Structure formats: structure tokens, C-alpha cells
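Here the structure comes first, spelled out in C-alpha cells, and everything after it is commentary.
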Amino acid sequence: MRKSDAELGLNAQQASGRRVYDRYCALCHDAYSARSLKGPSMQAVFKKQFLPSGAPANDERVREVINLGRSKMPSFGNVLTEQQTTDLLAYLHTL
């Protein structure tokens, strides 16, 4: 069963990022399990030193991938506002 934002201890920015994730990312990236869907799992993405691509797991690189796309992942730079991307990053840090 899906946990609520409150059960996960999310603040307002992280909860907003979760809604962005649910709408744009969850189809291809699992948040709470290590299984891969169309793309790699995002579970503990910032708890690792590197992303699956080998790039550093930091806000700058993840923001770049979100905005520009990578490999099979489409670009979301013209879809998400800067604030939505910032909120999304805040949420990803909770995984």
C-alpha cells in the first residue's frame, strides 16, 4: 500500500516533488524498490556516489539529466518549470 506524504515525513517542497515524480517519472523509474522499469530505480539515488551512468550522483548532474535527457530518457527541460525540477530533486533526496 502506498504511504502518504505525512507517513514518509515529507515537507511541502518534497511533497510537491513527489507529485511531479508521480506524473512524469514513475512510469519509467521505481521510487521505493530496486527494480528497474523502463529506466533504473531511483531508490537511494543520492545515497550512492554515482548514477547508473557512472556520472556523479549530485543535484547538478541529476538536474542536467532531467532537463536534457539521456540515452532513452526524454528531455523534460521544456516540460517542467525550474521550481518543479527543484522540488523533484528535493523529493529524490528522500528516497
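These figures come from a predicted structure and were not determined experimentally.
- More than 12 heavy-atom neighbours from other residues, nucleotides or ligands sit within 6.0 angstrom of CD on E7.
- Contact check for H29 versus Q43: no side-chain heavy atoms found under the 4.5 Å cut-off.
- When side chains are defined from C-beta on, R18 does not count as touching Q13, because their heavy atoms never get closer than 4.5 Å.
- G9 and Q14 make their closest contact through O-OE1, 4.0 Å (heavy atoms, listed as atom of the first residue, atom of the second, distance).
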| request: Could you go through the side-chain contact (heavy atoms from CB on, under 4.5 Å) check for D22 and R2 one step at a time? | output: CA-CA 12 Å; D22 288 346; R2 182 177 163 98; 2.5 Å; yes
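- The pair R63-E60 does not meet the salt-bridge criterion, since no charged nitrogen lies less than 4.0 angstrom from a carboxylate oxygen.
- Side-chain contact check for E82 versus T85: every heavy-atom pair is 4.5 Å or farther apart.
- Minimum heavy-atom separation, P56 to R61: O-CB, 3.4 Å.
- Separation of atoms CG (D87) and CG (N11) is listed at 9.0 Å; rounding is to 0.5 Å.
- Considering every non-hydrogen atom in both S75 and N67, the closest pair reads OG-O, 2.5 Å.
- Taking each heavy atom of R35 and S41 in turn, the nearest pair found is O-CB, 3.4 Å.
- Going from atom SG of C28 over to atom NZ of K72 covers 10.0 Å, rounded to the nearest 0.5 Å.
- Annotation for V45: hydrophobic cluster partners, listed by chain and number, are L8, L10, V20, Y21, Y24, Y32, M42, F46, L51, V62, V65, I66, M73, F76, V79, L80, L88, L89, Y91, L92, L95 (ILVMFWY side-chain heavy atoms under 4.5 Å, direct or chained).
- Looking at K38 and D30, no side-chain N of the basic residue comes within less than 4.0 Å of a carboxylate O on the acidic one, giving no salt bridge.
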